[in-house]
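By convention in this document, chain letters (A, B, ...) are assigned in the order of the sequence lines, proteins followed by strands, and residues within each chain are numbered from 1.
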Protein chains: 2
Amino acid sequence: MPSQTFFNLSEAKRKAFLETAIEEFAGRDYESASISRIVATLGIAKGSVYQYFEDKRDLYLFLIDYAAKERVAFVSGVPMPDPQQGFYRYTQWLLEMGVRFALEHPRLNQLIYQAMFGTAPFRDDMLQRLRDSSLQLIRDVIAQGIAVGEIDPDIDLDMTTYLLNVITNEFGNYLASKLAIDPQRLLAGDQAQLDNDSLRSVYSKALDFVWHGLAKRSTAH
Amino acid sequence: MPSQTFFNLSEAKRKAFLETAIEEFAGRDYESASISRIVATLGIAKGSVYQYFEDKRDLYLFLIDYAAKERVAFVSGVPMPDPQQGFYRYTQWLLEMGVRFALEHPRLNQLIYQAMFGTAPFRDDMLQRLRDSSLQLIRDVIAQGIAVGEIDPDIDLDMTTYLLNVITNEFGNYLASKLAIDPQRLLAGDQAQLDNDSLRSVYSKALDFVWHGLAKRSTAH
DNA sequence: ACCGTATGTGACCGATTAGTCACATGACTG
DNA sequence: CAGTCATGTGACTAATCGGTCACATACGGT
């Protein structure tokens, strides 16, 4: 809950502030993240930050909330597959969501992931809700897949939801490190070239693993 | 590379120091971990730490190294399955390794995992070697499974190794949170009761997922 | 031109950090 | 007992932290 002052800021200033703050909090602990460093980077006075936010905790929780909303907006922007195409496609869509968001918004992804599964402080309701809502989407897809009879009903729903969430997130990290040959290109907006061609072929391997596991397949898709 | 002084310490003192230091580094950033807090907890002078270790970095890298060696020792202590039982059992063994180590040595597991995949500093050779050696075991099992024809040869070896490592690690976390009803009991050494009975049945679900994926199974094991 | 309000500022505070060092203590030797 | 060496100590330094506040600046209305 930032002050009105924060929202009165020019969009340029607000964007710059958000970007710098997210960068600061994404890569490190809550404790290690430094307000002093943020204001030094931005070239503004420290007092300004405390006119926007109550304290460090207030800023942090706002950033988490912001990142979560951005993620929801991002997911909404990618059309879900046609239900008639089966739950293999739904699973593909889930994976694609995670990977694309991780590649296109790496800082936001780090922030969310770290808040949910890292050593985040504040056993806040908000964080719990973030965690729950993030997992709910995955859980729903799996549950429906089971109901329709395309997903094995013997799986443990809770556990599989958890693992699938971890996989989608970490697979993004894997790709990022794998493509680390020139990570600049990706961040610079050159991802369009990669997206629709090679990216899909890369994560189709991950999808196959999620769908069929390690075992030697008998049927193909 | 601690000084000789550190190894001259009585076992009781050395153990106490290790335990406290690991506890301090396991839950937080490298930057957030505090030497001052360690010495305060132990009730020793700060100067002592700097007679054992060159600096904070030296201590941290030693702890990582120690944790890694403990893990290797732990893994060596659990017998591998009979090769004739197939690679399903090998995969089971891999999972069991990760889960048991995570449950019996949660702090060490956190330390290792955070060093390998967290926001650890020091792009050290040592960390890279730790990462490589940890993944190598998994990679070997998969590669052999492919060679023997029990694991699908179309999987991406690198990616699957990475994901399997993540899964074994995070599954430990999942179990830990799932069993959080009384985590004290586990740490208190009461795990023997859980181990051979319910534990195996719980992670057999994870094993099924890893082996067969989400898809509805046709054949059973 | 004047005033009131909103926004920006950075010196300053108390707390905490990693790391140092002159000194105390203990143990063993001659 | 005296001397030597390893070990333990905690006050101290310089840097950094989150947070405060008295003050400066900018802007809009009359």
Side-chain angles (χ1 to χ4, degrees), chain A residues 1-64 111 115 119-122 124, chain B residues 1-64 119-122 124:
Chain A
M1 28 185 131
S3 72
Q4 185 58 46
T5 306
F6 180 68
F7 295 110
N8 291 345
L9 252 47
S10 73
E11 189 174 316
K13 278 191 179 181
R14 212 173 54 248
K15 285 259 177 180
F17 182 88
L18 273 177
E19 195 177 335
T20 305
I22 286 167
E23 173 80 27
E24 176 69 18
F25 277 91
R28 23 173 73 77
D29 249 359
Y30 170 77
E31 306 232 341
S32 294
S34 157
I35 307 278
S36 298
R37 210 150 32 204
I38 293 174
V39 299
T41 302
L42 286 169
I44 65 174
K46 197 191 282 190
S48 295
V49 173
Y50 289 88
Q51 276 189 323
Y52 307 153
F53 299 91
E54 269 199 13
D55 51 20
K56 191 182 180 181
R57 173 199 150 104
D58 191 31
L59 168 59
Y60 175 69
L61 291 179
F62 170 74
L63 291 179
I64 303 287
L111 197 62
T119 63
F122 311 136
D124 221 79
Chain B
M1 29 188 128
S3 72
Q4 185 58 46
T5 307
F6 179 68
F7 296 110
N8 291 345
L9 253 44
S10 72
E11 191 174 314
K13 279 190 178 181
R14 211 173 54 246
K15 284 259 176 180
F17 182 87
L18 273 177
E19 195 177 334
T20 306
I22 286 167
E23 174 81 28
E24 177 69 19
F25 277 91
R28 25 174 70 79
D29 249 358
Y30 170 78
E31 304 230 342
S32 295
S34 156
I35 307 278
S36 298
R37 211 150 34 202
I38 292 174
V39 299
T41 301
L42 286 169
I44 65 175
K46 196 191 281 191
S48 296
V49 174
Y50 288 88
Q51 276 189 324
Y52 307 152
F53 300 91
E54 270 199 12
D55 50 21
K56 191 181 181 181
R57 173 200 151 104
D58 191 30
L59 167 59
Y60 175 70
L61 291 179
F62 170 74
L63 291 178
I64 303 287
T119 61
F122 310 137
D124 221 79

When you measure from the side chain of A:D29 to the backbone of B:D29, do you find a donor-acceptor pair of N or O atoms at a distance under 3.5 Å? yes

Just call it for B:A33: base, sugar-phosphate, or nothing, with non-hydrogen atoms closer than 4.0 Å on any strand. sugar-phosphate

Do B:K56 and C:dG19 have a side chain to base donor-acceptor pair shorter than 3.5 Å? no

Please give, in whole Å, the distance from D:dG18 C1' to A:E54 CD? 14 Å

Separation of C:dT16 atom P from B:K46 atom NZ, nearest Å, is 12 Å

B:S34 side-chain N/O to C:dT17 phosphate OP1/OP2 under 4.0 Å: yes

Starting at OH of A:Y50 and ending at C1' of C:dC13, how long is that distance when rounded to a whole Å? 13 Å

Please determine which of A:F62, A:Y60, A:F7 meets the ring pair (Phe, Tyr, Trp, His ring centres under 6.0 Å) test together with A:F53. A:F62

So, is B:T5 near the phosphate of D:dA6, with a side-chain N or O under 4.0 Å from OP1 or OP2? no

Specify the separation, in whole Å, of atom CD1 of A:I35 and atom P of C:dC12. 22 Å

Under 3.5 Å, side chain of A:T20 to main-chain N/O of A:I38, donor-acceptor pair present? no

Nucleotide nearest A:S36 (side chain, heavy atoms from C-beta), chosen from D:dG18, D:dG10, D:dA6: D:dG18

Is A:R28 salt-bridged to B:E31, cutoff N-O under 4.0 Å? no

Please report, rounded to the nearest Å, how far the P atom of C:dA18 is from the CD atom of B:E24. 8 Å

Of A:S32 and A:S48, the one whose closest nucleotide on DNA chain D sits nearer the 5' end is A:S32

Rounded off to whole Å, could you give me the CG-to-C1' distance for the A:D29 and C:dT17 pair? 15 Å

Listed nucleotide nearest any side-chain atom of A:Q51, set D:dG10, D:dT7, C:dG8: C:dG8

Return the nearest nucleotide to the side chain of B:D55; candidates are C:dA18, C:dG8, C:dG19. C:dG19

Counting C-beta onward and ignoring hydrogens, is there a side-chain heavy-atom pair between B:I64 and B:F25 closer than 4.5 Å? no

Rounded to whole Å, OH of A:Y52 lies from C1' of D:dG19 at a distance of 16 Å

Side-chain N or O of B:N8 closer than 4.0 Å to phosphate OP1/OP2 of D:dA6: no

B:Q4 atom CD is separated from D:dG8 atom P, nearest whole Å, by 13 Å

